[in-house]
Amino acid sequence: MLVTMKEILDRAKKDNYGVTAPNVQSEDTVRAVIKVAEKCNAPMIIDVNAFIHPDLPWFVHMIRDLVEKSPVPFAINLDHGKSYEDIMLGINSGFTSIMVDRSSLSYEDNIAQTKETVKMCRPLNISVEAELGHVGQGVDYSSDGSDHFTNPEEARKFVEETGIDCLAVAIGTAHGRYHGTPHIDFDLLKQITDVVDIPLVLHGGSGTGDENLRKAVKNGIQKVNLATELVVAGKEELETFIQDKNFDKWQLIPSFIKGYSDRLEHYVKLFDQENRAW
Ligand SMILES: [Zn+2]
(Lines give C-alpha, C1' and ligand atoms only; values in the text may rest on other atoms or scores of the structure.)
Protein backbone atom coordinates (compact mmCIF):
# COMPACT_ATOMS: atom_id res chain seq x y z
CA MET A 1 0.00 0.00 0.00
CA LEU A 2 0.99 3.56 -0.60
CA VAL A 3 1.43 5.88 2.40
CA THR A 4 3.25 9.12 3.15
CA MET A 5 6.84 9.09 4.35
CA LYS A 6 5.72 10.98 7.46
CA GLU A 7 3.52 8.04 8.51
CA ILE A 8 6.41 5.60 8.11
CA LEU A 9 8.96 7.75 9.94
CA ASP A 10 6.73 8.92 12.79
CA ARG A 11 6.08 5.26 13.68
CA ALA A 12 9.79 4.45 13.44
CA LYS A 13 10.61 7.32 15.80
CA LYS A 14 7.93 6.31 18.29
CA ASP A 15 9.12 2.68 18.41
CA ASN A 16 12.85 3.38 17.98
CA TYR A 17 13.84 1.54 14.80
CA GLY A 18 15.33 2.53 11.43
CA VAL A 19 13.87 2.38 7.92
CA THR A 20 15.94 1.61 4.83
CA ALA A 21 15.56 3.96 1.86
CA PRO A 22 17.12 2.13 -1.11
CA ASN A 23 17.72 4.08 -4.32
CA VAL A 24 16.07 2.31 -7.27
CA GLN A 25 16.96 2.71 -10.92
CA SER A 26 14.87 0.21 -12.90
CA GLU A 27 11.78 -1.97 -12.72
CA ASP A 28 14.02 -4.86 -11.57
CA THR A 29 15.34 -2.96 -8.57
CA VAL A 30 11.84 -1.72 -7.67
CA ARG A 31 10.52 -5.30 -7.70
CA ALA A 32 13.55 -6.39 -5.65
CA VAL A 33 12.80 -3.77 -2.97
CA ILE A 34 9.14 -4.79 -2.83
CA LYS A 35 10.07 -8.46 -2.52
CA VAL A 36 12.47 -7.78 0.39
CA ALA A 37 9.89 -5.57 2.15
CA GLU A 38 7.21 -8.25 1.81
CA LYS A 39 9.55 -11.07 2.88
CA CYS A 40 10.51 -9.09 6.01
CA ASN A 41 7.02 -7.63 6.53
CA ALA A 42 8.69 -4.23 6.76
CA PRO A 43 7.58 -0.71 5.75
CA MET A 44 9.96 0.72 3.15
CA ILE A 45 10.86 4.05 1.54
CA ILE A 46 11.70 3.89 -2.16
CA ASP A 47 14.17 6.65 -3.03
CA VAL A 48 14.21 7.89 -6.63
CA ASN A 49 16.63 10.45 -8.07
CA ALA A 50 15.16 12.87 -10.61
CA PHE A 51 17.94 12.09 -13.10
CA ILE A 52 17.61 8.29 -12.87
CA HIS A 53 14.92 7.80 -15.51
CA PRO A 54 14.27 9.66 -18.79
CA ASP A 55 10.51 9.51 -18.18
CA LEU A 56 10.09 10.16 -14.46
CA PRO A 57 6.25 10.42 -14.41
CA TRP A 58 6.01 7.01 -16.11
CA PHE A 59 8.61 5.48 -13.77
CA VAL A 60 6.84 6.72 -10.62
CA HIS A 61 3.47 5.66 -12.03
CA MET A 62 4.89 2.16 -12.51
CA ILE A 63 6.20 2.11 -8.91
CA ARG A 64 2.85 3.32 -7.56
CA ASP A 65 1.05 0.58 -9.48
CA LEU A 66 3.30 -2.13 -8.00
CA VAL A 67 3.29 -0.91 -4.38
CA GLU A 68 -0.47 -0.30 -4.33
CA LYS A 69 -0.92 -4.05 -4.90
CA SER A 70 1.36 -4.89 -1.97
CA PRO A 71 0.10 -5.43 1.61
CA VAL A 72 3.21 -3.67 3.00
CA PRO A 73 3.39 0.16 3.44
CA PHE A 74 5.60 2.05 0.99
CA ALA A 75 6.47 5.71 0.50
CA ILE A 76 8.00 6.98 -2.74
CA ASN A 77 10.47 9.79 -2.13
CA LEU A 78 12.12 12.15 -4.63
CA ASP A 79 15.76 12.06 -3.54
CA HIS A 80 17.73 15.34 -3.72
CA GLY A 81 15.27 17.68 -5.43
CA LYS A 82 17.86 20.25 -6.49
CA SER A 83 15.70 22.86 -8.23
CA TYR A 84 12.20 24.31 -8.43
CA GLU A 85 11.78 22.29 -11.66
CA ASP A 86 12.72 19.03 -9.86
CA ILE A 87 10.12 19.73 -7.15
CA MET A 88 7.36 20.50 -9.67
CA LEU A 89 8.25 17.40 -11.70
CA GLY A 90 8.20 15.36 -8.49
CA ILE A 91 4.77 16.62 -7.48
CA ASN A 92 3.43 16.01 -10.97
CA SER A 93 4.94 12.51 -11.09
CA GLY A 94 3.07 11.23 -8.03
CA PHE A 95 5.72 11.05 -5.30
CA THR A 96 4.35 10.77 -1.75
CA SER A 97 7.41 12.58 -0.45
CA ILE A 98 9.85 15.17 -1.75
CA MET A 99 13.35 15.95 -0.56
CA VAL A 100 14.20 19.59 -1.12
CA ASP A 101 18.00 19.80 -1.02
CA ARG A 102 19.14 23.39 -0.58
CA SER A 103 22.01 22.41 1.71
CA SER A 104 24.59 24.10 -0.54
CA LEU A 105 22.88 27.49 -0.11
CA SER A 106 23.15 29.88 2.83
CA TYR A 107 21.10 29.10 5.95
CA GLU A 108 18.62 31.89 5.11
CA ASP A 109 18.14 30.78 1.50
CA ASN A 110 17.82 27.14 2.58
CA ILE A 111 15.01 28.15 4.99
CA ALA A 112 13.23 30.32 2.41
CA GLN A 113 13.28 27.72 -0.38
CA THR A 114 12.41 24.83 1.94
CA LYS A 115 9.43 26.82 3.28
CA GLU A 116 8.25 27.40 -0.26
CA THR A 117 8.39 23.62 -0.95
CA VAL A 118 6.43 22.83 2.23
CA LYS A 119 3.79 25.36 1.15
CA MET A 120 3.45 23.58 -2.20
CA CYS A 121 3.44 20.02 -0.81
CA ARG A 122 1.36 20.30 2.37
CA PRO A 123 -2.07 20.76 0.66
CA LEU A 124 -1.30 17.69 -1.48
CA ASN A 125 -0.40 15.53 1.57
CA ILE A 126 3.16 15.10 0.28
CA SER A 127 5.81 14.79 3.01
CA VAL A 128 8.90 17.02 2.85
CA GLU A 129 12.49 16.16 3.75
CA ALA A 130 15.13 18.91 3.85
CA GLU A 131 18.85 18.96 4.63
CA LEU A 132 20.71 21.24 7.00
CA GLY A 133 24.48 21.17 7.15
CA HIS A 134 25.80 19.42 4.06
CA VAL A 135 26.50 15.72 3.44
CA GLY A 136 29.43 15.72 1.00
CA GLN A 137 30.99 13.12 -1.27
CA GLY A 138 33.06 10.18 -0.04
CA VAL A 139 35.96 11.06 -2.39
CA ASP A 140 36.49 14.31 -0.43
CA TYR A 141 36.02 12.62 2.94
CA SER A 142 39.56 12.74 4.33
CA SER A 143 39.93 16.48 3.57
CA ASP A 144 36.37 17.64 4.33
CA GLY A 145 36.57 18.30 8.10
CA SER A 146 33.46 19.04 10.18
CA ASP A 147 32.68 22.64 9.12
CA HIS A 148 29.66 21.47 7.16
CA PHE A 149 28.15 19.44 10.05
CA THR A 150 24.63 20.30 11.26
CA ASN A 151 24.43 22.93 13.99
CA PRO A 152 21.85 21.82 16.64
CA GLU A 153 20.52 25.30 17.40
CA GLU A 154 20.16 26.12 13.70
CA ALA A 155 18.42 22.75 13.24
CA ARG A 156 15.89 23.56 15.96
CA LYS A 157 15.04 26.91 14.36
CA PHE A 158 15.05 25.45 10.84
CA VAL A 159 12.49 22.77 11.74
CA GLU A 160 10.30 25.26 13.60
CA GLU A 161 10.31 27.82 10.78
CA THR A 162 9.93 25.49 7.80
CA GLY A 163 7.43 22.92 9.12
CA ILE A 164 9.23 20.01 7.38
CA ASP A 165 8.40 16.39 8.23
CA CYS A 166 11.95 15.04 8.54
CA LEU A 167 15.47 16.46 8.50
CA ALA A 168 18.63 15.09 6.86
CA VAL A 169 21.61 15.81 9.10
CA ALA A 170 25.37 15.98 8.48
CA ILE A 171 27.08 14.12 11.35
CA GLY A 172 29.99 12.43 9.57
CA THR A 173 28.59 10.33 6.69
CA ALA A 174 29.30 10.94 2.98
CA HIS A 175 27.78 9.96 -0.35
CA GLY A 176 29.37 7.22 -2.49
CA ARG A 177 32.53 5.39 -1.47
CA TYR A 178 34.50 6.71 1.51
CA HIS A 179 38.09 7.74 0.98
CA GLY A 180 39.10 7.27 4.60
CA THR A 181 37.38 5.69 7.61
CA PRO A 182 33.90 7.03 8.46
CA HIS A 183 33.60 8.66 11.88
CA ILE A 184 30.13 9.48 13.11
CA ASP A 185 29.75 12.26 15.66
CA PHE A 186 27.29 10.61 18.07
CA ASP A 187 27.60 13.46 20.58
CA LEU A 188 26.36 15.84 17.90
CA LEU A 189 23.50 13.44 17.05
CA LYS A 190 22.50 13.51 20.72
CA GLN A 191 22.61 17.33 20.79
CA ILE A 192 20.36 17.44 17.73
CA THR A 193 17.83 14.89 19.05
CA ASP A 194 17.68 16.87 22.31
CA VAL A 195 16.25 19.90 20.49
CA VAL A 196 14.61 18.51 17.31
CA ASP A 197 11.54 16.33 17.69
CA ILE A 198 10.87 15.28 14.07
CA PRO A 199 12.45 12.13 12.47
CA LEU A 200 16.06 12.42 11.26
CA VAL A 201 17.60 11.11 8.04
CA LEU A 202 21.12 9.83 7.36
CA HIS A 203 22.38 10.17 3.79
CA GLY A 204 25.45 8.21 2.70
CA GLY A 205 24.63 4.97 4.54
CA SER A 206 26.78 2.89 2.17
CA GLY A 207 30.13 1.88 3.63
CA THR A 208 29.40 3.52 7.00
CA GLY A 209 29.59 0.14 8.74
CA ASP A 210 27.08 -2.02 10.61
CA GLU A 211 28.13 -0.89 14.06
CA ASN A 212 27.85 2.83 13.23
CA LEU A 213 24.51 2.45 11.46
CA ARG A 214 22.96 0.25 14.14
CA LYS A 215 24.03 2.76 16.78
CA ALA A 216 22.67 5.64 14.68
CA VAL A 217 19.19 4.09 14.26
CA LYS A 218 19.03 3.28 17.96
CA ASN A 219 19.97 6.87 18.82
CA GLY A 220 17.69 9.07 16.77
CA ILE A 221 18.11 8.31 13.05
CA GLN A 222 14.93 6.93 11.46
CA LYS A 223 15.74 6.85 7.72
CA VAL A 224 18.98 5.60 6.18
CA ASN A 225 19.63 6.20 2.46
CA LEU A 226 21.38 3.34 0.67
CA ALA A 227 22.54 3.46 -2.94
CA THR A 228 26.20 2.65 -3.68
CA GLU A 229 26.50 -0.42 -1.47
CA LEU A 230 23.42 -2.14 -2.91
CA VAL A 231 24.62 -1.63 -6.48
CA VAL A 232 28.15 -2.79 -5.62
CA ALA A 233 26.74 -5.95 -3.96
CA GLY A 234 24.76 -6.60 -7.16
CA LYS A 235 27.88 -6.10 -9.29
CA GLU A 236 29.90 -8.51 -7.13
CA GLU A 237 27.23 -11.20 -7.35
CA LEU A 238 27.12 -10.71 -11.13
CA GLU A 239 30.92 -10.97 -11.44
CA THR A 240 30.91 -14.23 -9.51
CA PHE A 241 28.09 -15.55 -11.68
CA ILE A 242 29.83 -14.88 -15.01
CA GLN A 243 33.05 -16.58 -13.92
CA ASP A 244 31.39 -19.77 -15.13
CA LYS A 245 31.86 -19.39 -18.91
CA ASN A 246 28.72 -21.46 -19.54
CA PHE A 247 26.49 -19.13 -17.53
CA ASP A 248 22.79 -18.96 -18.36
CA LYS A 249 22.29 -15.59 -20.10
CA TRP A 250 18.78 -15.25 -18.68
CA GLN A 251 20.17 -15.30 -15.16
CA LEU A 252 22.47 -12.29 -15.60
CA ILE A 253 20.06 -9.65 -14.31
CA PRO A 254 18.61 -11.95 -11.61
CA SER A 255 22.15 -12.53 -10.29
CA PHE A 256 22.68 -8.75 -9.96
CA ILE A 257 19.29 -8.48 -8.23
CA LYS A 258 20.20 -11.26 -5.81
CA GLY A 259 23.27 -9.33 -4.61
CA TYR A 260 21.27 -6.08 -4.36
CA SER A 261 18.40 -7.77 -2.47
CA ASP A 262 20.57 -9.74 -0.03
CA ARG A 263 22.39 -6.56 0.97
CA LEU A 264 19.13 -4.67 1.47
CA GLU A 265 17.70 -7.49 3.58
CA HIS A 266 20.83 -7.38 5.74
CA TYR A 267 20.09 -3.73 6.58
CA VAL A 268 16.38 -4.32 7.18
CA LYS A 269 17.38 -6.80 9.89
CA LEU A 270 20.17 -4.58 11.25
CA PHE A 271 17.78 -1.62 11.63
CA ASP A 272 15.16 -3.70 13.50
CA GLN A 273 12.70 -2.91 10.70
CA GLU A 274 11.35 -6.46 10.33
CA ASN A 275 7.68 -7.08 11.14
CA ARG A 276 6.95 -3.37 11.51
CA ALA A 277 4.38 -3.29 8.68
CA TRP A 278 0.86 -2.42 9.71
ZN1 LIG B 1 21.88 11.88 -0.38
Is it possible for you to say whether [X] and [Y] belong to one hydrophobic cluster, with membership spreading through side-chain heavy-atom contacts below 4.5 Å?
X    : Y    : result
V36  : V217 : yes
I221 : Y267 : yes
V60  : M1   : no
L226 : V232 : no
Y17  : L9   : yes

Quick check: does any side chain N or O of [X] sit under 3.5 Å from a backbone N or O of [Y], one acting as donor and the other as acceptor?
X    : Y    : answer
K223 : L200 : no
H179 : G138 : no
T96  : V3   : yes

Any chance [atom1] of [X] has more than 12 other-residue heavy atoms, nucleotides or ligands included, within less than 6.0 Å?
X    : atom1 : value
M62  : CE    : yes
Y84  : OH    : no
I253 : CD1   : no

Can you find a heavy atom in the side chain of [X] that is under 4.5 Å from one in the side chain of [Y]?
X    : Y    : answer
Q273 : T20  : yes
P43  : W278 : yes
I46  : I63  : yes
L238 : L252 : yes
V30  : L66  : yes
P22  : Y260 : yes
M44  : V33  : yes
I91  : C121 : yes

| task | Indicate whether any N or O donor in one side chain lies under 3.5 Å from an N or O acceptor in the other, for T208 and N212. | result |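 Absent: no donor and acceptor within the cut-off.
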| query | Are a donor atom and an acceptor atom from the side chains of H266 and E229 found within less than 3.5 Å of each other? | reply |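 H266 vs E229: no donor-acceptor pair found between side chains.
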Using the side-chain hydrogen bond (donor to acceptor under 3.5 Å, both in side chains) criterion, which residues pair with [X]? Sequence neighbours excluded.
X    : value
Q113 : R102
R177 : none
D28  : none
D244 : none

| message | Quick check with a 6.0 Å cut-off and a 45 degree axis cone: is K215 positioned over the face of F186's six-membered ring? | response |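 Positive - K215 is close enough to the ring of F186 and near enough to its axis.
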If every non-hydrogen atom of [X] is compared with every non-hydrogen atom of [Y], which pair is closest and at what distance?
X    : Y    : result
R64  : G94  : NH1-O, 2.6 Å
F95  : I76  : CD2-O, 3.4 Å
T114 : A130 : CG2-CB, 3.6 Å
A277 : V72  : CB-CG1, 4.4 Å
C40  : V268 : CB-CG1, 3.8 Å
N110 : S103 : ND2-CA, 3.9 Å

| said: Can you pull out every ring pair (Phe, Tyr, Trp, His ring centres under 6.0 Å) where at least one residue sits in residues 99-152? Sequence neighbours excluded, please. | reply: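 The answer is Y141-Y178.
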As an exercise, state the distance from [atom1] of [X] to [atom2] of [Y], rounded to the nearest 0.5 Å.
X    : Y    : atom1 : atom2 : result
L167 : Q222 : CG    : CD    : 11.0 Å
E160 : I111 : CD    : CD1   : 10.0 Å
F158 : E131 : CZ    : CD    : 9.5 Å
E236 : T240 : CD    : OG1   : 7.5 Å
T117 : I164 : OG1   : CD1   : 10.5 Å
K39  : S261 : NZ    : OG    : 9.0 Å

| message | Walk me through whether K190 and D194 qualify under side chain to side chain contact (heavy atoms under 4.5 Å, CB included). | response | CA-CA 6 Å; K190 167 90 173 66; D194 280 349; 3.0 Å; yes
| said: Show, in sequence, the C-alpha distance, side-chain angles and deciding distance for L132 and V169, and conclude whether the side chain to side chain contact (heavy atoms under 4.5 Å, CB included) test is met. | reply: CA-CA 6 Å; L132 184 66; V169 290; over 6 Å; no
| Presence of salt bridge, D272 and R214, under 4.0 angstrom |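 Salt bridge absent between R214 and D272.
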For [range], pull every pair meeting salt bridge (Lys or Arg N to Asp or Glu O under 4.0 Å), keeping only residues two or more places apart or in separate chains.
range            : answer
residues 8-19    : K6-D10
residues 196-213 : none
residues 75-85   : K82-D101

| field | Residue pairs, two or more places apart or on separate chains, that pass side-chain hydrogen bond (donor to acceptor under 3.5 Å, both in side chains) and touch residues 45-56 | value |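 Output for this query lists D47-N77, D47-N225.
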| field | Pairs touching residues 161-174 that satisfy side-chain hydrogen bond (donor to acceptor under 3.5 Å, both in side chains), sequence neighbours left out | value |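 Found R122-D165.
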| message | Which residues pass the side-chain contact (heavy atoms from CB on, under 4.5 Å) test with N151, not counting sequence neighbours? | response |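 Result, side-chain contact (heavy atoms from CB on, under 4.5 Å) vs N151: E153, E154.
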| message | If you apply the rule side chain to side chain contact (heavy atoms under 4.5 Å, CB included), what do you find for H203 with M99, and how did you get there? | response | CA-CA 12 Å; H203 282 240; M99 182 204 182; 3.6 Å; yes
| said: Could you walk me through whether E129 and S97 satisfy the side-chain hydrogen bond (donor to acceptor under 3.5 Å, both in side chains) test, starting with their C-alpha distance in whole Å, then the side-chain angles of each, then the deciding distance to 0.1 Å, before giving a yes or no? | reply: CA-CA 8 Å; E129 171 186 340; S97 170; 5.5 Å; no
| said: Determine whether V48 and F59 satisfy the following criterion, side chain to side chain contact (heavy atoms under 4.5 Å, CB included), listing intermediate values before the conclusion. | reply: CA-CA 9 Å; V48 182; F59 189 55; 3.9 Å; yes
| field | Set of salt bridge (Lys or Arg N to Asp or Glu O under 4.0 Å) partners for K157, sequence neighbours left out | value |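 Per chain and number, K157 pairs via salt bridge (Lys or Arg N to Asp or Glu O under 4.0 Å) with no residue.
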